[in-house]
Every structure is written in C-alpha cells, then in structure tokens.
Amino acid sequence: MKEFGYQRAADVSGALALLDADPDARFLGGGTNLVDLMKTGVERPGRLVDVRELPLDRIESTEDGGLRIGATVTNSDLAAHPDVRRNYPALTQAVLAGASGQLRNMATVGGNLLQRTRCGYFSDVSKPCNKRVPGSGCSAIEGEHHNHAILGASDHCVATHPSDMGVALTAFDAVVDYETVDGPGQLALTDFYLPVGDTPHRETALPPGALITGVTLPPAPVAANSRYRKVRERASYAFAIGSIAAALDVQDGVVRDVRLAFGAVASRPWRAHAAEQALTGGPVDAAAFAAAADAELAAARPLPHNGYKVTLMRNLVVAVLSELAEEAGR
Ligand SMILES: Cc1cc2nc3c(=O)[nH]c(=O)nc-3n(C[C@H](O)[C@H](O)[C@H](O)COP(=O)(O)OP(=O)(O)OC[C@H]3O[C@@H](n4cnc5c(N)ncnc54)[C@H](O)[C@@H]3O)c2cc1C
Ligand code: SF4
C-alpha cells in the first residue's frame, strides 16, 4: 500500500483548502470503501483529508417540510432518524439493507453516494478496466457479468452502481449540496451521475475538489407509503442483484402519484420515469404495473448472462406496487 499523509479538517473552508493545495489528496469519510481500494492499489492518494469532524452531521427539517441530511451523517443515524422512518420509510429500509451494522456506523452519506462499483475487474489491478485505466478495455463484457448493467450501459463499461441508499434518494428527488473553493452548488441526484458513454472513469458531475456537504430531500407526501425491496444472492451482507424503491398514492382507485427507482441495473440509481408516466392517472392493478415495468424495461440491453435481471425487475415492480396498493387501500 502506498504511503499517504493524513489530516483532519476542522471546518469546510479548511477541508476545501487542503484539497485545493494538493491534487493528490482525497476526502475521507468513514473510509469503508476508499481504504479498501487503497489496500488493493486501485486508489493511490498521497493524502487523506478526514471530513468526519466537520459540522455536517445533522438531519434537519427544511422550511417546506423536507429534510436536509448532512454529508457526514452516518448510515446508521440516517436509517434511525424518526422523520426519515416516518416520512421516507423506503430510505430507512434501503440503508438497513446495505452492508452490516458495523459498516453503517462508519459509512457516511457523502461517501455512500461516491462509493465505487463492485465490478470484480475494477478492483483487480491485473485486469483491463476502462473505469480504472481509461482505454485499457472492459473485461466484463466478454467475461463475468451476471451482476452487471442492463440499462444505460455502453460498449466501454457495463458496471452497476452499488448504493442502496442512492436508489431511495433518487426516487424521492434528492438534491446533492456541495461546496468548492469557488462557492456552493447543487445537483439533482438524477444529474449527479454522468452517463457512461466512452468515459466510464468520469462518474459524477461534481466539480474537481468539491466537498459534498449534504443531501436535500423535498417534501413528498407519497413517500410516506413507500418501500425498498432488495434481491441478493445471500440473505444479508451482500450487494443487490436488483432492487427497487417505490412509493404509491392511490385515490378513488386511480394512481395519483408514484415514484420508482431501480438499483443494481445501471451505472447509477435508475429513476424509472417511463414506468411512472405509464402508471400516473391509471388503474391500480397487476396488469397496469406489469405494463409500466415493460415500458421502462423496453430500453434494457442485457448481456448474455444477465438477462434474468429484466424478469427480476419486472417481478419486483409488480410485487412491490401491489403491496403498496393494498396498504394504500386499507
Ligand atoms: C463488506 C461490505 C459490504 C457492503 N455492502 C453494501 C451494500 O449492501 N449496500 C450499499 O449500498 N453499500 C454497501 N457497502 C458500501 C458502503 O455502504 C460504502 O463503503 C460506504 O457507504 C462508503 O461511505 P464512507 O463514508 O465509508 O466512504 P469513504 O470510503 O470514506 O469514501 C468513499 C468516496 O467518497 C469520497 N468522499 C467521502 N465523503 C465525501 C464528501 N463529503 N465529499 C466528497 N467526497 C467524499 C471519498 O474521497 C471516496 O472517494 C458495503 C461495504 C463493505 C465493505
Ligand atoms: S464493467 Fe466497467 S468497471 Fe467492470 S471491467 Fe468493464 S470497464 Fe471496468
């Protein structure tokens, strides 16, 4: 492992200045992803700027009834917060479906959004990988890809984004707040992750050296009737092979509002706009849910060994929306 320096930042401007002064420096959240990648040589920063002591560890209500979640809030504190549990239950369920209790106690909101793919070739420095070494090739396309992307991928990379939390945040229109040495900025989470294209190594639209300061969730009454369902190869302590965050509001037997986002199917949490559009104003039954899933999945381009994900996601849409519809009718 390459030697590295370590500094703890006391305030946001200090953290930004430290990163600005050293192009080889990286922010350190809980370290649960970055440090693992440093051990395997995938990441080789010369300096870590620890941001965990920054005053970004609060969850506060916004004036309009939404929530502002600080970037250093741990995954455990986020999942346990009473407002999150009550108003955005799918977010609590998504976070609790990820990793383990010990990891969630360390992992931060900012770090979770920026965690890297779990594609095995990305973490194996002996293998070609366009995301790790641009232009070197993609080992997964002709190799092991049973858990790779079916939506939004390219000939240059078919990796998926591993975050569970990000899927629920995407369904609820979260906005990422950040600071740079030139001032603050915001990015809707749907614009935060860049399309893969021929530059899979460029993953987000964050400006260089930007510090994520928090995530803002707008008020969403529909989110109170929401659910996260994760399918994985082991019952616990495993990444998703497919997941869904869904919320449903039904009035007089008609879908009044619906939110859908998919996980583990694309390079980013996938907001299912086509399915939402197909459902809104329509009937609340399994046939309509299946047709909406088909509308979204018409864009799927599965590889030889991951076509099962199309069926899996279709079944998840129907199952989870049916459960939410039943609960909305009670
Ligand atoms: C065994 C294991 C199982 C796991 N299972 C799951 C799972 O099922 N589901 C799931 O979603 N996740 C899972 N994870 C991943 C885990 O959720 C992430 O490692 C964690 O959320 C990353 O957060 P962190 O604070 O530790 O980030 P770090 O490792 O500290 O940082 C990650 C990246 O974010 C950057 N960064 C951190 N904070 C900021 C900031 N404020 N501003 C700008 N950049 C920042 C760092 O520079 C780094 O590039 C698992 C991890 C492990 C080790
Ligand atoms: S899928 Fe992406 S991360 Fe995996 S080997 Fe191909 S380029 Fe690398």
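Counting starts at 1 for both ligands and their atoms, in listed order.
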> In a check of side chain to side chain contact (heavy atoms under 4.5 Å, CB included) between V320 and each of L324, V318, V317, which one passes?
Replying inline: L324

Going by the atom numbers of ligand 1, which of them fall below 4.0 Å from some non-hydrogen atom of [X]?
X: A107; answer: 20 (C), 21 (O), 23 (O), 24 (P), 25 (O), 26 (O)
X: N33; answer: 19 (O), 29 (O)
X: S163; answer: 11 (O)

> Using heavy atoms and a threshold below 4.0 Å, how should the contact between C138 and ligand 2 be classified: side chain, backbone, both, or neither?
Replying inline: both

>> Tell me the contacting part of H156 for ligand 2: side chain, backbone, both, or neither, using a 4.0 Å heavy-atom threshold, strictly below.
In response: backbone

>> How close do A328 and N225 get, counting heavy atoms only, and between which atoms?
In response: CB-ND2, 3.8 Å

Got the closest protein heavy atom to [atom], with its distance?
atom: atom 52 (C) of ligand 1; result: L103 CD1, 3.5 Å
atom: atom 4 (Fe) of ligand 2; result: C119 SG, 2.3 Å
atom: atom 37 (C) of ligand 1; result: G111 CA, 3.6 Å
atom: atom 22 (C) of ligand 1; result: T32 OG1, 3.4 Å
atom: atom 5 (S) of ligand 2; result: Y121 CB, 3.5 Å
atom: atom 51 (C) of ligand 1; result: R118 NH2, 3.6 Å
atom: atom 7 (C) of ligand 1; result: A99 N, 3.2 Å
atom: atom 3 (S) of ligand 2; result: C129 SG, 3.6 Å
atom: atom 1 (S) of ligand 2; result: V158 N, 3.3 Å
atom: atom 9 (N) of ligand 1; result: D164 OD2, 2.7 Å
atom: atom 24 (P) of ligand 1; result: G30 N, 3.4 Å
atom: atom 36 (N) of ligand 1; result: L114 CD1, 4.0 Å

>> For H145, state whether at least one heavy atom is located under 4.0 Å from any atom of ligand 2.
In response: no

>> Using heavy atoms and a 4.0 Å limit, tell me yes or no: is S139 in contact with ligand 2?
In response: yes

> Once you round to the nearest 0.5 Å, how far does CG of L217 lie from CG of L189?
Replying inline: 9.5 Å

>> Distance check, rounded to the nearest 0.5 Å: L260 atom CG versus L321 atom CG?
In response: 5.0 Å

>> Using the side chain to side chain donor-acceptor pair (under 3.5 Å) definition, which of the options T62, D173, D177 pairs with T216?
In response: D177

>> Quick one: does any side-chain atom of K309 pair with a main-chain N or O of A264 as donor and acceptor, under 3.5 Å?
In response: yes

Taking the side chain as every heavy atom from C-beta outward, state whether [X] and [Y] have any atom pair closer than 4.5 Å.
X: S322; Y: F289; answer: yes
X: S61; Y: L67; answer: yes
X: V73; Y: T108; answer: no
X: Y193; Y: H161; answer: yes
X: R259; Y: R271; answer: yes
X: M106; Y: T74; answer: no

> Hey, mind stepping through E203 and K131 against salt bridge (charged side-chain N to carboxylate O under 4.0 Å, His left out) and telling me if it holds?
Replying inline: CA-CA 9 Å; E203 293 180 351; K131 191 183 274 298; 2.8 Å; yes

>> Hydrophobic clusters here meaning ILVMFWY residues chained together by side-chain heavy-atom distances under 4.5 Å, can you tell me if V49 and L114 are in one?
In response: no

>> Please determine whether the number of non-hydrogen atoms from other residues, nucleotides or ligands lying under 6.0 Å from atom CD of E323 exceeds 12.
In response: yes

>> Can you tell me which portion of S100 lies within the under-4.0 Å heavy-atom range of ligand 1? Options are side chain, backbone, both, or neither.
In response: neither

> Side chain, backbone, both or neither: which part of D36 comes within less than 4.0 Å of ligand 1 when only heavy atoms are counted?
Replying inline: side chain

Heavy atom to [atom], shortest distance: which of [options] holds it?
atom: atom 12 (N) of ligand 1; options: Q102, Q115, E203; answer: Q115
atom: atom 42 (N) of ligand 1; options: T213, I212, L56; answer: I212
atom: atom 14 (N) of ligand 1; options: F27, Y237, F239; answer: F239

May I ask whether [X] has any heavy atom positioned less than 4.0 angstrom from an atom of ligand 1?
X: K230; result: yes
X: Y178; result: no
X: P45; result: no
X: A240; result: no
X: M38; result: no

> Any N/O/S of C157 under 2.8 Å from atom 4 (Fe) of ligand 2?
Replying inline: no

>> Classify the ring geometry of H145 against H305: parallel below 30°, tilted from 30° to 60°, perpendicular beyond 60°.
In response: parallel

> For ligand 2, which atoms sit closer than 4.0 Å to a heavy atom of A140?
Replying inline: 1 (S), 5 (S)

> Checking side chain to side chain contact (heavy atoms under 4.5 Å, CB included) for the pair R44/M1: CA distance, chi angles, key distance, verdict?
Replying inline: CA-CA 8 Å; R44 297 174 56 79; M1 187 168 168; over 6 Å; no

